[in-house]
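In what follows, every heavy atom counts, from backbone to side chain, and hydrogens, waters and symmetry copies are set aside.
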Amino acid sequence: MAAKQTVYHVSPSGERAAAAGVKWQVEGREGRRLLHEPHRTQKDAIDSARRHAQGHTPSQVIVHAQDGHVRSAHTYGDAPAPSGERGRRAGAPGGLH
């Protein structure tokens with residue numbers, strides 16, 4: 001049986017966090033541990049998510065744009081490649097916009 005894929009999302013923080021200078025976050029679940037990391041820049045958040053993903057393969061990093069749409073997806077290890085994710089708004093039902 002293949003290992004379960006870990007997915008990390010890089011997304012904008014909420015308004016309250018942004019007011020405190022935290023504009024981006026990394027969220028994911030590493031086994032039973034829930035990961036939630038605040039970051040000041042999207043680059044810092046992406047770098048952090050990639051480090052986590054490389055240490056927990058198979059995994060995937062999904063980067064969301066400021067408006068919530070999926071900007072890019074990166075797969076690490078023997079995880080299935082993403083399909084149909086580009087252009088989808090975070091949390092929206094299937095299909096491309």
Side-chain angles (χ1 to χ4, degrees):
M1 185 169 135
K4 185 174 179 179
Q5 178 177 312
T6 303
V7 179
Y8 299 93
H9 289 270
V10 175
S11 58
S13 295
E15 290 180 26
R16 183 177 289 172
V22 176
K23 300 196 185 286
W24 293 91
Q25 62 189 1
V26 176
E27 293 181 311
R29 183 174 294 281
E30 297 171 342
R32 298 180 83 182
R33 179 177 167 247
L34 182 62
L35 174 73
H36 181 84
E37 287 184 352
H39 294 276
R40 293 194 182 276
T41 67
Q42 187 181 42
K43 182 187 180 323
D44 290 344
I46 292 170
D47 291 345
S48 176
R50 286 182 176 164
R51 281 191 303 274
H52 284 288
Q54 290 168 348
H56 291 90
T57 59
S59 58
Q60 185 178 37
V61 173
I62 299 176
V63 180
H64 298 272
Q66 188 69 40
D67 65 1
H69 280 82
V70 173
R71 198 177 101 191
S72 62
H74 307 276
T75 302
Y76 299 87
D78 292 330
S83 63
E85 289 293 327
R86 189 167 187 83
R88 185 184 302 176
R89 178 169 234 146
L96 297 176
H97 294 133

> Taking His56 for the side chain and His52 for the main chain, is one N or O donor matched with an acceptor at less than 3.5 Å?
Replying inline: yes

>> With no hydrogens and no angle check, just 3.5 Å: does a side-chain donor-acceptor pair link Gln60 and His74?
In response: no

> Hey, are the side chains of His39 and Val26 touching, using non-hydrogen atoms and a 4.5 Å cut-off?
Replying inline: yes

>> If we ignore hydrogens and angles and just use 3.5 Å, is the side chain of Ser59 paired with the main-chain N or O of Thr6 as donor and acceptor?
In response: no

> Leu35, Val63: one ILVMFWY side-chain cluster at the under-4.5 Å cut-off?
Replying inline: yes

>> Checking His9 against Glu27: is there a side-chain donor and acceptor pair closer than 3.5 Å?
In response: no

> Is it true that the side chains of Arg71 and Gln42 contain a donor and an acceptor less than 3.5 Å apart?
Replying inline: yes

>> How long is the straight-line distance from CD of Gln5 back to OG1 of Thr57, given to the nearest 0.5 Å?
In response: 10.5 Å

> Do Lys23 and Ser13 pass the side-chain contact (heavy atoms from CB on, under 4.5 Å) test, and can you show the C-alpha distance, the side-chain angles, and the key distance before you say yes or no?
Replying inline: CA-CA 5 Å; Lys23 300 196 185 286; Ser13 295; 5.6 Å; no

>> Measuring only between side-chain heavy atoms, which start at C-beta, is Ile62 closer than 4.5 Å to Val10?
In response: no

> Between Gly28 and Tyr8, which heavy-atom pair has the shortest distance, and what is it?
Replying inline: CA-CD2, 4.2 Å

> So does Lys43 pair up with Asp47, basic N to acidic O under 4.0 Å?
Replying inline: yes

> So, for His64 and Pro12, which heavy atoms are closest and what is the spacing to 0.1 Å?
Replying inline: CB-CD, 4.4 Å

>> So Tyr76 and Val61, do their side chains get closer than 4.5 Å, heavy atoms only?
In response: yes

>> Could you tell me if the side chain of Glu37 sits less than 4.5 Å from the side chain of Ser48, heavy atoms only?
In response: yes

> When rounded to the nearest 0.5 angstrom, what distance separates CZ in Arg29 from NE2 in His36?
Replying inline: 13.0 Å

